[in-house]
Amino acid sequence: MTALHLNAASGDIAPLVFLLGDPIRAKRMASMLSAARKVSNIRGMPCFTGMLRNGMEVSVQATGMGIPSLLIYANELIDSYCAKTLIRVGTCGTTNERVALGDLFVPTSAVSDSGILPAPAPALVTPSAHELVVKIYSCAKMRTDKTPSRVHKGKVFSTDLFYKWDNKETQDFDSDVLGIEMESAGLFWLGHMKNVSTAALLTVTDKINVDEHWPPAMRATGVDTMLAIALEVASSV
C-alpha cells in the first residue's frame, strides 16, 4: 500500500512504533532516544526514529486524536512500513474514585461506542499481545513503587466524542472501567485484524466527574515517567 500520510523512506521506520496523539509529546519522547531523527512530517504529525540504550531502533509517531486519525497512521505503518508492534502511549480521563490524577493505567481490554469499529456497540476488544501488556504493567509497578503515582490495570472506554452532543458531561460506567479516552479500542481491534502486537500505557490527566484536570502544558511535559517506562519495555521486546 502506498502511504499517503507518511513520507519516510523505506527502512526509516522501526518494527516497534510508539503512537502518541500529541506531536509535542512525541517530540519529547524522541528526545529520550539516541541519534533521533525526523523521518516523516506530513500534516504536522511527525515520526521520529532513534536508538534505545541497547542499540535497538524504535520509532515514535504522532497520530492526532481519535480512532479514525490513529487508524490512518497505524494502517500505513503496518502495510507500508512493516511495523510489527504498536504501543499507544497517551493520556486518559477517569470517573473512578480509586484512580487519581497522575496515576498510570494499563488497559487489559477496551469497550467502545465507536461507529468506526465493525462490531455492535459497545464493542469489547483486548490488546493483541497479552505478554506485552504483562511487561508494561510489571515495569510500571517497579518504576512507581517509590513514587506517589499508582498503577492500575483494567478496562478502558474508547469514545468517538470528546464533548457529548446531549451536553451530558459524564455517564455511568461499570466499576471495572478505569479509564476513558478515544483511541485504544481501535488500535487493539486493528492488531487482531492485521496480526500485529498492540498494547497501551496511559497517564490519568482528568477526573471527569469532579472537574479536575491537568493543564495543556502538563499533558505534554508531565508524562516523563510514562515515556521512560514505555522505552524500558521496548528494550525487552
Side-chain angles (χ1 to χ4, degrees), residues 1-92 104 129 132 136 139 181-184 186-188 190-191 194 196-203 205 214-237:
M1 181 183 80
T2 300
L4 301 178
H5 303 86
L6 298 170
N7 58 357
S10 177
D12 271 355
I13 296 179
L16 189 153
V17 185
F18 296 105
L19 305 177
L20 296 89
D22 184 353
I24 296 175
R25 195 182 304 138
K27 184 177 181 180
R28 189 173 184 86
M29 189 175 197
S31 72
M32 298 178 174
L33 301 172
S34 298
R37 63 195 190 278
K38 186 183 292 184
V39 297
S40 178
N41 190 28
I42 294 180
R43 291 175 174 253
M45 292 294 161
C47 181
F48 303 90
T49 296
M51 287 189 298
L52 302 173
R53 292 179 181 176
N54 64 1
M56 172 184 171
E57 277 202 332
V58 297
S59 294
V60 180
Q61 173 67 54
T63 66
M65 295 175 65
I67 290 174
S69 184
L70 179 141
L71 289 182
I72 289 173
Y73 294 97
N75 270 290
E76 293 188 8
L77 288 166
I78 296 166
D79 293 341
S80 299
Y81 294 95
C82 301
K84 301 299 182 185
T85 302
L86 300 177
I87 302 175
R88 166 162 153 68
V89 183
T91 58
C92 69
L104 296 174
L132 183 57
I136 293 172
C139 184
E181 45 85 274
M182 301 182 69
E183 293 88 11
S184 294
L187 177 62
F188 298 165
L190 186 68
K194 298 282 189 176
V196 300
S197 298
T198 59
L201 174 62
L202 310 173
T203 295
T205 57
W214 275 10
M218 188 73 170
R219 295 168 190 269
T221 61
V223 293
D224 285 358
T225 297
M226 175 180 67
L227 302 182
I229 290 169
L231 294 174
E232 186 173 333
V233 168
S235 66
S236 65
V237 172

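Positions are given from 1, in the same order as the sequence printed here. Since the model is a prediction, treat every value here as computed from it, not as a measurement.
- Looking at L201 and V233, their side chains never come closer than 4.5 Å, going by heavy atoms from C-beta outward.
- Atom CD of E76 sits about 10.0 Å away from atom CG of N7, to the nearest 0.5 Å.
- Side-chain contact check for T198 versus R88: every heavy-atom pair is 4.5 Å or farther apart.
- Residues P23 and M45 meet the side-chain proximity criterion, which asks for heavy atoms closer than 4.5 Å.
- When all heavy atoms are compared, the tightest approach of V58 to A234 is CG1-CB, 4.2 Å.
- Looking at V223 and W214, their side chains come closer than 4.5 Å, going by heavy atoms from C-beta outward.
- The shortest heavy-atom contact between A74 and L190 is CB-CD2, 3.5 Å.
- In plain terms, the two heavy atoms of L6 and S40 that are nearest each other are CA-OG, 3.4 Å.
- Expressed to the nearest 0.5 Å, how far CD1 of I229 lies from OG1 of T225 amounts to 6.0 Å.
- Taking NE2 of H5 as the start and OG of S80 as the end, the distance is 11.0 Å to the nearest 0.5 Å.
- The two residues M32 and A228 have their closest heavy-atom pair at SD-N, 4.4 Å.
- Side-chain atoms of R219 and T91 include no donor-acceptor pair closer than 3.5 Å.
- For the pair M29/L231, a side-chain contact is recorded, criterion being any heavy-atom separation below 4.5 Å from C-beta on.
- For CD1 of I24, the number of neighbouring non-hydrogen atoms (other residues, nucleotides, ligands) closer than 6.0 Å is 12 at most.
- Atom CD1 in I87 sits 9.0 Å away from atom CG in L19 (nearest 0.5 Å).
- For CZ of R43, the number of neighbouring non-hydrogen atoms (other residues, nucleotides, ligands) closer than 6.0 Å is 12 at most.
- Atom CZ of residue F18 and atom OG1 of residue T85 lie 9.5 Å apart, to the nearest 0.5 angstrom.
- Annotation: side chain of M226 is in contact with side chain of V89 (closest heavy-atom distance under 4.5 Å).
- Nearest heavy atom pair, residue A199 against residue I136, reads CB-CD1, 3.7 Å.
- Note that CG of L104 is 9.0 Å distant from CG of L202, once rounded to the nearest 0.5 Å.
- Considering only heavy atoms from C-beta on, Q61 stays 4.5 Å or farther from L86 through its side chain.
- Residues E183 and G64 share a closest heavy-atom pair of OE2-O, 4.1 Å.
- Under the 4.0 Å criterion applied to side-chain N and carboxylate O atoms, D22 and R28 are not assigned as salt-bridge partners.
- Between M182 and L70, every side-chain heavy-atom pair lies at or beyond the 4.5 Å cut-off.
- Y81 places a side-chain N or O within donor-acceptor distance of the main-chain N or O of A8, the cut-off being under 3.5 Å.
- In this model, a donor atom of one side chain and an acceptor atom of the other lie less than 3.5 Å apart for S59 and T49.
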